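Structure record follows, encoded as structure tokens.
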Amino acid sequence: MKKLLLLLAVMALGFSAQADMISLQNANQRHVKKTQTVNPAVSQSVAEAMQANQRMNVITTQPEGELRTYARTGGQGIFPNQDQLGLDVQSGKIDMVFAEDNVVYLKNILFNFSSTYGSSWVQGTLSEDGTTITVPMGQSIYWSDYYQSEIVLCMGSTELVYVDGQPGIQFTADESVTEVTYAIDGDKITLLGTEGSDATGHDMDRWNAYGLSCCWSDDGAFGGCLEWNTELTRTETTVVPTVIYNQPEGEMVTYNRAGMSIFTGYFGVQSSSFADKMNLVYGTDGKVYIQNPLWWNKSYNTWVCGDYDPETGIISVPVGQYLMYSEDAELGVQLLWGHSILYQDAEGYYMYEYFIDDVDEILYKIDGENLYLLGCEGDPNAEFPEYYNATGLLGHFSDGSNMTCLEYVGPDVPYGTLLNLRPAVPANPFNLTWQDRGTTDGTTVLNFTLPTTDVDGNIIEQEFISYSIFIDDDQIYTFDAASYGSIDVDITEVPYSLWSNYWNFTPTQVTFFRTNHCDDPIFEHRIGIQVYYTVGGVKNASDIVYINAGDLEPAVPANPEASAWYDYSEYGSNYGNFYFDLPTTDVDGNYIDQYYLSYSIYLDDDQIYTFRASDFPNELTEDVTEIPSSIFFNSWNLSSFGANLYFDEAPLFTHQVGIQVFYTIDGVKNASDIVYLEVFPVSGVDELNAGKQIADVRYYNLAGQEMKLPSGLTIQVTTFTDGTRTATKVIK
């Protein structure tokens with residue numbers, strides 16, 4: 001039983017050590033292959049055969065023999081550090097099994113904080129005199145279903161290089177070395193034939209090293225780890241709990257799952273409903289394996305084992321199984337059953353979580369296409385804080401310190417619904433808009449919404465979606481690798497999984513690296529998108545849906561939206577921000593190009609605001625009242641053009657600020673209405689007219705919580721310099 005302060009306690013979920021060194025980018029090869037995509041035409045049967053064959057190369061089960069444990073007491077290493085590379089002294093442990101016929105097995109042979117390679121073993125040979133262990137290179141330590149490739153041992157070197165002024169490393173595998181040798185001296189084992197600097201601090205030369213490493217078998221890319229000067233000292237062997245990292249053999253089915261998760265995160269204890277997937281494998285002898293039984297801990301990507309009774313449809317999963325375990329910390333996360341209780345005292349909300357000691361197994365029931373989690377109690381739809389009071393699956397640290405999450409579903413609600421992966425014709429994409437940002441950063445963006453159903457309204461899975469972009473007369477657009485750092489080769493079809501770190505590709509938009517207002521426009525008349533849905537090698541397509549964005553006609557722009565004003569004068573500054581949204585269509589809903597937009601700002605009773613060149617020396621050469629697209633400050637807010645609460649000058653406005661948009665084509669200018677935002681209520685205006693000055697304006701929601709900006713039904717409290725106050729309800 002632990003007491004957690006709601007919304008204040010900060011939990012760290014994981015055990016990756018924090019190196020006190022800098023992190024470098026991988027200069028020429030990927031140690032994490034995030035953007036490579038699998039050919040969707042590979043049939044499921046072929047893919048499964050490839051996976052089964054390759055998995056045989058990775059040893060994940062502890063071999064028979066004498067188990068010895070060694071602590072890493074010397075040496076340094078380069079290792080994966082999220083999306084970059086880190087460097088630090090080695091730590092942690094390595095297990096070895098001394099088997100018959102002088103065979104030795106080494107577990108997690110490479111120093112690696114992030115446990116990317118799971119718990120793999122490699123095989124070596126003990127010399128007759130017992131003084132050396134030789135380990136052949138080329139052995140598999142990790143297999144990726146996604147990339148249909150494995151990471152293998154090799155000797156290699158890293159060299160510090162600079163790319164665009166940024167430090168990185170260049171990796172080269174040494175194919176001439178076929179085995180590596182460890183020297184045994186009593187309780188100490190030393191890795192031979194490596195070389196690297198033992199410098200400390202931030203000496204960049206430390207990144208130049210030669211040692212035991214790994215690479216991807218398909219293209220030789222850096223596998224992410226390289227170590228040198230390794231020294232191992234025998235230590236006490238501890239029993240490591242079993243964690244199932246690899247998919248067990250058997251028939252796999254997938255469920256769309258749902259429920260409520262109460263979890264510890266960066267803001268203390270939080271809650272969230274979720275919609276995700278859960279895989280289930282029917283093994284032999286009535287065994288069933290469930291992957292990621294807890295949604296919140298799905299980053300572990302591990303399995304738990306249970307027993308299945310086909311007559312009753314009941315799956316029983318023993319509690320206490322580990323979802324992850326850190327040998328260095330000797331700590332893991334276990335799957336348990338328990339409940340939570342939220343209560344309030346004078347200091348705030350607190351939550352207790354309890355193990356239910358007399359529950360030794362978790363029960364699921366399969367009923368047709370539905371999977372139920374039995375024994376749950378709690379209402380996900382209840383008002384706060386009642387939905388924090390629940391019984392269900394509990395993820396908990398093995399030392400009893402804190403929970404990671406508690407998950408449950410409401411009464412008679414399926415925890416999972418069988419996902420039928422079948423070829424289907426996807427519905428058409430929609431909500432297409434075109435945004436030309438050539439005047440600000442030289443790019444353009446096509447926004448869209450991908451379908452979630454087929455043409456008959458059945459749900460489709462977005463992971464099997466891809467799309468292509470078409471221009472003008474059904475000409476398919478090619479995304480070139482030279483412009484897009486997130487792809488390795490030119491492509492005409494974008495998989496849904498390709499979410500670029502640089503926002504080139506997202507599930508809702510594509511960025512083009514040139515404007516349409518140039519000598520080489522992307523298209524002349526229109527741009528469109530077609531969606532594909534590929535299952536089992538069968539690919540079906542939607543229609544090509546176009547948006548006409550060329551040969552534009554003069555049009556009356558739709559009204560902009562004036563959303564918020566924020567005044568910084570209460571913090572001692574003399575400026576404020578006016579937030580707004582510019583229209584993307586005309587009054588009839590037809591597309592308009594923002595390139596031809598301009599706008600003016602109005603104060604109080606249609607008084608137009610003048611932008612002085614002295615206030616905007618980088619943007620203006622003369623005073624103007626209309627901002628053309630060529631000097632857009634921002635398409636959604638205008639900042640630093642004066643505070644409303646004055647120091648030595650009169651206020652910018654007394655009650656409202658507004659915006660009007662103009663659309664100009666071939667010399668014809670059409671205007672929207674002036675859209676005002678009432679910042680100060682009429683009562684405040686009356687007070688000002690009576691000679692009072694505003695000292696402070698604050699906003700509160702109906703629960704009495706202060707807000708930075710008004711939103712929805714808001715209580716605005718205005719304080720005047722004479723100490724009087726007014727409170728007014730406003731709707732924003």
Side-chain angles (χ1 to χ4, degrees), residues 15-17 54-75 77 79-80 90-126 132-144 150-155 179-184 187-191 194 211-214 223-228 230-246 248 300-303 322-332 398:
F15 304 99
S16 59
Q54 293 290 349
R55 285 202 189 97
M56 294 175 61
N57 298 330
V58 184
I59 305 174
T60 57
T61 303
Q62 179 178 319
E64 296 290 334
E66 178 190 355
L67 177 64
R68 303 178 190 174
T69 301
Y70 292 83
R72 294 182 179 270
T73 54
F79 56 91
Q90 297 182 35
S91 62
K93 301 175 182 179
I94 178 172
D95 286 339
M96 297 187 189
V97 169
F98 290 78
E100 297 178 349
D101 300 325
N102 290 336
V103 175
V104 181
Y105 296 92
L106 298 85
K107 181 181 181 183
N108 291 337
I109 188 172
L110 282 170
F111 165 67
N112 177 20
F113 281 150
S114 62
S115 298
T116 300
Y117 312 129
S119 298
S120 60
W121 297 76
V122 296
Q123 182 176 328
T125 302
L126 180 68
T132 62
I133 299 173
T134 56
V135 178
M137 298 296 92
Q139 296 188 69
S140 178
I141 59 175
Y142 175 76
W143 165 253
S144 169
E150 57 189 342
I151 294 179
V152 297
L153 282 180
C154 67
M155 291 293 287
E179 63 183 24
V180 67
T181 301
Y182 291 85
I184 302 176
D187 287 339
K188 290 189 176 297
I189 297 179
T190 304
L191 175 63
T194 64
L212 180 62
S213 185
C214 59
C225 286
L226 184 145
E227 65 178 61
W228 61 93
T230 301
E231 292 182 358
L232 309 173
T233 302
R234 189 170 180 182
T235 186
E236 180 180 353
T237 300
T238 58
V239 177
V240 178
T242 298
V243 181
I244 306 175
Y245 291 99
N246 294 322
Y300 303 146
N301 205 29
T302 53
W303 302 72
Y322 280 80
L323 304 177
M324 66 83 62
Y325 188 81
S326 168
E327 295 184 44
D328 293 339
E330 297 184 357
L331 184 65
S398 55

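If you're wondering where the values come from, they're calculated on a predicted model, not measured in any experiment. When reading the values below, keep in mind they use all heavy atoms of this one structure, side chains included, and skip hydrogens, waters and symmetry mates.
If you take CD on E150 and SG on C214, they are separated by 12.0 Å, rounding to the nearest 0.5 Å. Remark: Q62 CD to L67 CG distance equals 5.0 Å, nearest 0.5 Å.
Looking only at side-chain heavy atoms (C-beta outward), L153 and V122 come within less than 4.5 Å of each other. Using a 4.5 Å heavy-atom threshold, the side chains of E179 and T125 count as separate. Between N108 and K93 there is no side-chain heavy-atom pair separated by less than 4.5 Å. Counting heavy atoms from C-beta on, the side chains of V97 and W121 come closer than 4.5 Å.
The side chain to side chain donor-acceptor pair (under 3.5 Å) test applied to N102 returns E128, not counting sequence neighbours. For Y70, the ring-ring contact (aromatic ring centres under 6.0 Å, His included) criterion is met by no residue, not counting sequence neighbours. Among residues two or more places apart in sequence or in another chain, the side chain to side chain donor-acceptor pair (under 3.5 Å) test is passed with T233 by T73, K188. Evaluation of the side-chain contact (heavy atoms from CB on, under 4.5 Å) rule for A99 yields V103, Y105 as partners, not counting sequence neighbours. Among residues two or more places apart in sequence or in another chain, the salt bridge (charged side-chain N to carboxylate O under 4.0 Å, His left out) test is passed with E66 by R68, R234. For the side chain to side chain donor-acceptor pair (under 3.5 Å) test, no residue two or more places apart in sequence or in another chain qualifies with T302. Annotation: side-chain contact (heavy atoms from CB on, under 4.5 Å) contacts of P241 (sequence neighbours excluded): Y322, Y325.
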Report task. In sequence, state the C-alpha distance, the side-chain angles, and the governing distance for Q123 and V135, and then conclude on side-chain contact (heavy atoms from CB on, under 4.5 Å). Result -> CA-CA 6 Å; Q123 182 176 328; V135 178; over 6 Å; no
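The two residues L110 and R72 make their nearest non-hydrogen contact at C-NH2, 3.5 Å. The two residues L226 and G211 come nearest to each other via the heavy atoms CD2-N, 4.0 Å. Across all non-hydrogen atoms, the minimal contact from S140 to V58 is OG-CG2, 3.1 Å. For K107 against V240, the heavy-atom pair with the smallest separation is NZ-CG1, 4.5 Å.
A donor-acceptor pair under 3.5 Å links the side-chain atoms of E227 to the main chain of F111, judged by distance alone. In this structure, the side chain of S120 engages the main chain of I141 through a donor-acceptor pair within 3.5 Å.
Tested against L126 for a side chain to side chain contact (heavy atoms under 4.5 Å, CB included), the candidates I184, T134, T132 yield a single pass: I184.
Residue pairs meeting the salt bridge (Lys or Arg N to Asp or Glu O under 4.0 Å) criterion with at least one member in residues 94-105, sequence neighbours excluded, do not occur.
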